Amino acid sequence: MSDNSRSLSDDELAASHIDAVRKLDMAYAELLRGIAEMQDRRLHKGFNSLTQFQTESDRITKGEALARERAADLLYRQRGPDPPPLAEVGEALANGLINREHVAEICKVTNILSDKVPAADLAAHQRNLLVLAQQARPHEVRKVGRRIVDFVEQNSKTVEDDDREQVHPQCELSVWQAKNGRWQLRGALDRLGAQTLQGLLGVLAKPKPKDSATGAPDPRSTAERQGDALVEILELAARCDDLPVQGGESATLMLRINLDEMTTNQPVLVNDSTYVSMNTARRICCSGAAVTPAIFRGGAENLTLGRSSRTATKAQRKALAVRDHGCAFPGCTRTPKWTEPHHVVFWTNSGRTDLNNLVLLCGQHHRVIHHTDWQVHMISGRPAFYAPRWLDPAQTPQYNFAHRAPDRATA
């Protein structure tokens, strides 16, 4: 960005910023390439190690030096005749398509899974994360990376391992009274218990609307809201048959089950967030838990439910959750409970409240669509997003790959 930035128009200044960031990412790629070559030459200029050379000459922490070396090894260091394990990631970084934080998240997943899955599956997971990194922020890549690791670890368990885990309690809770008279809690939940609690907290721990008289927002912190919500959950449990609602829907567990895999122990996705075994899913469906099974065959996940009205019906919301898996904006990892249906063609412009004119968006991205130059259109029944022209002059349609199930990675 040059000194004449004051003479640039708003669009030119924004484009200049994007260009500067891209050059910064490309420079980081060049740095890693140099480190990979230094690793091959065992070059550290008299210091005890390459790590010490970096900490002293570059004035960085040991952790940063080691992170650079791990990334350089995976992205740019040749293995004999074979290319580096993350050569495609290295190329994307060199072209300024992703940044160093994206690289760190992809490297973490690679290191965890390198000895747990076949090479073809690992490569597929890496490609999916790379595609996501080109449209999402690093923390969203991290979230999807954790989901992939979660799937692999669950999928590697035998039926006997799963049965053994289910027999023994996996939840803990300690409750004691502090000196000030207040009660304190500490505990741990298994995957399913955690999803049930998160579903209830998502409904009950939302900030209260602004005060109608003063306009002041809810003064409670997140911890205070969740504490109040827990008390409300206990009161609801005491009344037994009262369930909270969010957007007109009861708080439930949604199980995404493929009929073609019902006879296997293929992991089942719960609330688009975590995995349990097929046997555990069957047990949940037989229990008294509030469960919404989203059942489909093969890749056919589209449901047609509901009728036109001003707002989406419960059936339409469930159908949208099955189709979009959560916020459909490119790179967003928000699950369905954090979203609201958006009319692609606005209701005020004669848009219909039908599935082919609705898309799930979280609050943040709903505002983006309404108040910025981002646009969304339906293409072949899927929501496609278009960035502002100053960001993408080619106007390439973008889709959200953050919700792609890890078990479809090699499909």
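Since we're looking at a predicted model, the values are computed, not measured.
Less than 6.0 angstrom separates the ring centroid of Phe329 from the ring centroid of Phe385. Between His342 and His370, the ring centre distance stays below 6.0 Å.
Here the straight-line distance linking atom NE2 of His17 with atom CG of Leu391 works out to 10.0 Å at 0.5 Å rounding. If you take CZ on Arg146 and CD on Glu153, they are separated by 12.5 Å, rounding to the nearest 0.5 Å. Rounded to the nearest 0.5 Å, atoms CD (Gln316) and CG (Asp354) are 6.5 Å apart. Note that the CD atom of Glu30 and the CG atom of Asp25 stand 13.5 Å from one another [nearest 0.5 Å].
Gln177 and Gln184 share no donor-acceptor pair across their side chains, judged by distance under 3.5 Å alone. Defined by atom type and a distance below 3.5 Å, a donor-acceptor pair is present between the side-chain atoms of Gln375 and His377. Looking only at atom types and distance, the side chain of Thr353 has a donor-acceptor partner in the side chain of His343 under 3.5 Å away.
Checking each of Arg68, Glu69, Lys62 against Thr51 for a side chain to side chain donor-acceptor pair (under 3.5 Å) leaves exactly one that passes, namely Glu69.
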**OP:** Let me see the working for Ile60 and Gln54 under side-chain contact (heavy atoms from CB on, under 4.5 Å), right down to the final yes or no.
**Re:** CA-CA 7 Å; Ile60 59 173; Gln54 290 189 84; 4.0 Å; yes

Subject >> Worked verdict on Asn128 versus Phe401 for side-chain contact (heavy atoms from CB on, under 4.5 Å) >> reply: CA-CA 8 Å; Asn128 287 342; Phe401 299 108; over 6 Å; no

**OP:** Kindly indicate, with the supporting measurements, whether the criterion side-chain contact (heavy atoms from CB on, under 4.5 Å) is fulfilled by Asp40 and Gln78.
**Re:** CA-CA 9 Å; Asp40 285 339; Gln78 203 81 17; 5.5 Å; no

**OP:** Tell me, with the steps shown, if His139 and Glu105 meet side-chain contact (heavy atoms from CB on, under 4.5 Å).
**Re:** CA-CA 8 Å; His139 80 270; Glu105 298 304 333; over 6 Å; no

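Under a cut-off of 6.0 angstrom, the local environment of CD in Glu88 is sparse, with at most 12 non-hydrogen atoms contributed by other residues, nucleotides or ligands. No more than 12 heavy atoms of other residues, nucleotides or ligands lie within 6.0 Å of CG in Asp10, so this atom counts as exposed by the packing criterion. Within a 6.0 Å radius of CD in Glu340, other residues, nucleotides and ligands contribute more than 12 heavy atoms.
Ion pairing between Glu64 and Arg100 holds under the 4.0 Å rule for side-chain N and carboxylate O. With respect to Arg186 and Glu172, no salt bridge is recorded, no charged nitrogen being found less than 4.0 Å from a carboxylate O. Ion pairing between a basic and an acidic side chain is recognised when a charged N comes within 4.0 Å of a carboxylate O; Lys206 and Asp218 show no such pairing. Asp73 has a carboxylate O that lies under 4.0 Å from a charged side-chain N of Arg79, or vice versa, which qualifies the two as a salt bridge. Between Lys143 and Glu140 there is no salt bridge, since no side-chain nitrogen of the basic residue lies less than 4.0 Å from a carboxylate oxygen of the acidic one. Ionic pairing of Arg33 and Glu37 is not present here: no N-O contact between side-chain nitrogen and carboxylate oxygen is shorter than 4.0 angstrom. A salt bridge links Asp228 with Arg220; the closest basic N to acidic carboxylate O contact falls under 4.0 Å.
With sequence neighbours excluded, no residue forms a side chain to side chain contact (heavy atoms under 4.5 Å, CB included) with Pro217.
By the 4.5 Å heavy-atom criterion applied to side chains, Ile148 and Val144 are counted as neighbours. Lys108 has its side chain out of reach of Val149: every pair of non-hydrogen atoms, C-beta onward, lies at least 4.5 Å apart. For the pair Leu358 and Val344, the minimum side-chain heavy-atom distance is 4.5 Å or more. For the pair Arg317 and Pro341, the minimum side-chain heavy-atom distance is below 4.5 Å. Considering only heavy atoms from C-beta on, Pro84 stays 4.5 Å or farther from Arg77 through its side chain. Residues Ile35 and Tyr76 have side chains not in contact (no heavy-atom distance under 4.5 Å, counting atoms from C-beta outward).
Shown here for Ile98 and Val103, the closest heavy-atom pair between the two residues is CD1-CG2, 3.9 Å. Between Ala72 and Gln39, the shortest heavy-atom distance links the atoms CB-OE1, 4.0 Å. Contact between Thr333 and Ala402 at its shortest, heavy atoms only, is CG2-CB, 3.9 Å.
In this structure, Asp324 contributes its side chain and Leu360 its backbone to a donor-acceptor pair below 3.5 Å.
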